[in-house]
Amino acid sequence: MTEPPVENADVCIVGAGPAGGLIADRLAGEYEVVVLEAGPRFDPEERLRRQEMAIRPHFDRPDVWGVGGERDAYSASGERFYPLNHARVKGIGGSTLHWQGMVMRLHTDDFRSGSTRGVGPDWPISYEDLRPYYAEAERELGVSGADDNPFAPPREEPFPNPAFPPSYSDSLFAEACESLGIAMHSVPNARNSEPYDGRSACVGYGTCQPVCPSGAKYDASVHTDSAETRGATVVDRAPVQYLEHGPDRIEAARYATPEGEQYRQEADAFVLACGGVETPRLLLLSESADYPDGLANSSGAVGKYFMDHLFAGAGGILDQRTRQNHVGFLTSESHQFYDEADAHTGPFKLEFFNYAGPSPVELALSGEQWGDELVSELRSAYGNSLAMGGLVEQLPREDSYIALDESVTDDHGNPVPEINWSVGERALRTIERANEIQHRILERVGVDIEWTVGPESTGPAYHHMGTTRMGTDPTESVVDPTLQTHDLDNCWIASSSVYPTGGAVNPTLTIAALAVRTAEAVAAALSGSRPERIV
Amino acid sequence: MELTRRDAIAALAAVGGAGGAAVGYRRLGDTDASESTLPDDGHVRETMVAVAEVVYPSELSGTEQFVHRVLDSRLEGAHGDGIRAAVAELDEQGRTWHDGAVVELSPATREQLLRETGADTAEEDPDGSIAERVRYFVVNELLLALYSSPTGGRVVGIENPQGHPGGTESYQQGPPNR
């Protein structure tokens, strides 16, 4: 049975991913906090079973965390198909249960794209504004990293855990990169290189994405559990259907229960933290006479400017052993070309893969041979692959957006999200540029290049951004620089949906930093004081 | 190369114990095998060892003990019933086509039976056809355990295969005998 709503709640947080979990943890104890999460609470004891699902060919990626079906129905239109369910998770922990766990800070110029690159809006906050929160976020997530990236923005504090050492595979790239004048550096990982925060060090299961059985990879159940321990109420399987509101305030979140009931959770403050797709969807579903185009949408920007990072990659075969697939994470990258970005070419980062080519066990389960013939096949297929990846920025565009598809409904009869994804010429040019450098490096290593993911074949990195953008002008943005909605006095949005531009690094550390900052803003509002660090 | 107790433990670390990946074997009532006719576990174990002799590489030793140790926990729950039912059906095919249960057939005939069943080309499916279920619960059950273990990995050149918590040293090391 679902517990009834909490009386006299100070804060209601919608979504138990990293933003919701962190804010709940920060506010719990001092305030009466309720977290409403659409998905279930997953049993950590079941992670080996989920790992088996990740390896076995019978199961698709969304099966691992129970994604799909009527609950998660969606439509995809626009220039490119968007496979929304491939890498999202609904449940305590959110999509961090599935994620790769790469956690870089945005570069300084990412916050001022319009000013320095001549395209897109500037953020209304700077890197310096977010810098102390980045350090806190790194501590919260237990980031393993090293201050060896000459292209990263300035930092003062060391990472909480040492970086994972480079791989043997990285060493194959090193000489070629040096001869080409390309710097390699470590990757900040949200997985423990040493025991941290009660969680073990990485033990090398090699299935990081989509599941870490050891818990060494950070996921947001860490903070949701902590919040609960400190007094927060976390309600799972409680999808919010509608935000009841007047012209200036949200009064209650109406949520469904597995028993078919609907409850109202009232609170003084509401934080929407359900990601770049479900957050705008909930606002659009919460239309009213006061907000006929969707709640907090007097700007018309809710759902607009949907962005993702685009993948660029290439790989092939080397005539020596490359030692792939021992671990499922990356240890080296290059941000060398990132800040060459301008109006013509966007920022991008380069990744050196540790998991190029097939995993022998996965290959064994889908082959048509067994016995000695299978061994021959596996020896032939495994061991000589080498590959690079990369992420490319996509600019915000009006023709890339999240809307409601009124013709399709979910398991509660609500219109499903419709993803209209368009990426633009600059992003495609940037992919070409990334491919050019990737080919140059791979050829210098001696790789016989067999595949390239270029402008035609690129896909998303499943980083949903931009759909409730941050800004100072209420006619053009949804939230202000403190992430409070312009329209409502008691509603904040903590999500990558507030990013005015996306940069080209994985977004979760910035989500976490903004969440820590938002927790301060919410606490200040609840106590009637001015937040100390937020101007 | 010998499969050791450590390999069996490692395989279980990868695939877990009771339950397996599937939500469970759900089609017991749809097949010829009913719960009362499922073979006893001793027979299931012997059959799985006999199939392992076919699907495992010939250079391995210690197969019997390895399979027994893996099955110690994989025969629990609905997943275990799936294995039992698939073994029963494979036996039935063996008796129909070759006048004997799997364990009574020569290795060559065992292999022929598996291929006649279609388990070599079938895609695994715990709720699929006989071929797909034999692939899932018998052939792939054995291959998953082997190739996620250190010894199974080493056979194909990787000491820390996916699914094995072999630490964070091997990825840093170059190939042996460079």
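Per chain, numbering begins at 1; letters A, B, ... match sequence-line order. What you see is a predicted model; the values in this text were computed from it and never measured.
- Contact annotation: the side chain of B/E159 approaches that of A/H326 to within less than 4.5 Å [non-hydrogen atoms, C-beta and beyond].
- Heavy-atom pairs under 4.5 Å with chain A were tallied for B/V54, B/N140, B/L60; the largest tally goes to B/N140.
- Between B/Q162 atom CD and A/C208 atom SG the span is 9.5 Å, to the nearest 0.5 Å.
- Not a single donor-acceptor pair under 3.5 Å links the side chain of A/R321 to the backbone N or O of B/P176.
- Side-chain atoms of A/P165 and B/Y171, non-hydrogen and from C-beta on, do get closer than 4.5 Å to each other.
- In this structure, chain B has heavy atoms under 4.5 Å from both the backbone and the side chain of A/S167.
- Most heavy-atom pairs under 4.5 Å with chain B: of the set A/T331, A/V375, A/L365, this distinction falls to A/L365.
- In terms of heavy atoms, B/G163 sits closest to A/I55 at CA-CD1, 4.0 Å.
- Contact annotation for B/E53: neither backbone nor side-chain heavy atoms come within less than 4.5 Å of a heavy atom of chain A.
- For a heavy-atom cut-off of 4.5 Å, chain A lies close to B/E111, B/L114, B/R115 in residues 101-118 of chain B.
- Contact between B/I158 and A/P360 at its shortest, heavy atoms only, is CG2-CG, 3.8 Å.
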Practice problem: Could you give me the CA-CA distance, side-chain angles and deciding distance for A/S171 and B/Q172, then say whether side-chain contact (heavy atoms from CB on, under 4.5 Å) is met? | Solution: CA-CA 9 Å; A/S171 76; B/Q172 302 173 49; over 6 Å; no
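- A distance of 6.5 Å separates CD in A/E368 from CG in B/D120, rounded to the nearest 0.5 Å.
- In this structure, B/E141 and A/R56 have side chains that are in contact, with non-hydrogen atoms separated by less than 4.5 Å.
- Within residues 379-386 of chain A, the residues having any heavy atom under 4.5 Å from a heavy atom of chain B are, by residue number, A/R379, A/Y382.
- Shortest non-hydrogen contact noted between A/H58 and B/E124 is N-OE2, 2.9 Å.
- Both the backbone and the side chain of A/F164 come within less than 4.5 Å of a heavy atom in chain B.
- Close approach to chain B, defined as a heavy atom under 4.5 Å from one of its heavy atoms, is seen in no residue of residues 190-200 of chain A.
- For the side chain to side chain contact (heavy atoms under 4.5 Å, CB included) test with A/W370, the passing option among B/L142, B/V139, B/V51 is B/V139; the others fail.
- Comparing A/E46, A/Q320, A/Q324, A/E362 by how many heavy-atom pairs each has under 4.5 Å with chain B, the most go to A/E362.
- Remark: A/E175 pairs with no residue by the side-chain contact (heavy atoms from CB on, under 4.5 Å) rule, at least two apart or across chains.
- Using a 4.5 Å cut-off between heavy atoms, A/P57 touches chain B through backbone and side chain atoms alike.
- Counting heavy-atom pairs closer than 4.5 Å to chain A, the top residue among B/P161, B/S58, B/A122 is B/S58.
- Proximity of A/L363 to B/V156: side-chain heavy atoms (C-beta onward) are nowhere separated by under 4.5 Å.
- One finds the NE2 atom of B/H79 at 11.5 Å from the CZ atom of A/R49 (value rounded to the nearest 0.5 Å).
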